[in-house]
Amino acid sequence: MSKPGGTAGGATAGPTAAAAAAAAQKQRALLQKADADVSSLVDNFSALINIARVNDPPVRNSQEAFQMDMRASRMVHSADSLLKLVSELKRTAIFSGLASLSENVDRRIEVLSQQSEETERMLERIGQEAAASLKELEAHYYSSVVRTPLYD
């Protein structure tokens, strides 16, 4: 029984299977990072809202202000991490799109060159058949009894 990413007989499946496995691993890592950043944003925001009430003792207000600053900086860090993640995803989409586009262009060039070769062979064969038919028609015409000269 063969494993995903390989073929039966112990041979490797090649670069496409390795690339697919690497892409799946990268996708899982990016999804985990996005989940962690979003949950951090939500947790810090809810803590920031809970801390934001005004109390009478000045010591408690300064402690809460410090906690609010800390939570706000964590939110900024998580948001920055998400922005970097989005940038990386865009870059990956662009470059993988270009690689895919390049592969499609190469495949299309190969198909069109094969069609061009087939067309050239077909035209050559048609030309040979036309030449043979013309010779045959000339032979029939010149050996025909019905042939009448155009100018006497």
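In this text, all values refer to a predicted model and were calculated from it rather than measured experimentally.
- Residues M122 and R125 form a side-chain contact, since some pair of their non-hydrogen atoms from C-beta on lies under 4.5 Å apart.
- The backbone N or O of A36 lies less than 3.5 Å from no partner atom in the side chain of S40, so there is not a single donor-acceptor pair.
- Hydrophobic clustering (side-chain heavy atoms under 4.5 Å, transitive across Ile, Leu, Val, Met, Phe, Trp, Tyr) keeps L83 apart from V76.
- Panel note: side chain S39, backbone D35; a donor-acceptor pair is recorded below 3.5 Å.
- Between L85 and A34, the closest heavy-atom pair is CD2-CB, 3.4 Å.
- Taken from CG in D43 to OG in S78, the straight-line distance is 9.0 Å, to the nearest 0.5 Å.
- Salt-bridge formation is not detected for the pair K33/E88: no Lys NZ or Arg NE/NH1/NH2 atom is positioned less than 4.0 Å from an Asp or Glu carboxylate oxygen.
- L48 is connected to V38 through a chain of hydrophobic side-chain contacts under 4.5 Å among Ile, Leu, Val, Met, Phe, Trp and Tyr, so both are in one cluster.
- A donor and an acceptor atom, one from each side chain of D37 and S81, are located under 3.5 Å apart.
- Taken to the nearest 0.5 Å, the CD atom of Q114 stands 7.0 Å off from the CD atom of E117.
- Separating the CG atom in L123 from the CZ atom in R121 is a distance of 11.5 Å, to the nearest 0.5 Å.
- Side-chain contact, Q25 with R28: a donor N or O sits under 3.5 Å from an acceptor N or O.
- D106 contributes atom CG, which lies 13.0 Å from atom CZ of R108 (distance to the nearest 0.5 angstrom).
- Between the CG atom of L82 and the NE2 atom of H77 there is a distance of 10.0 Å, given to the nearest 0.5 Å.
- What you find for A79 and L41 is that their closest heavy atoms are N-CD2, 4.3 Å.
- For the atom pair R71 CZ and N50 CG, the distance stands at 9.5 Å (nearest 0.5 Å).
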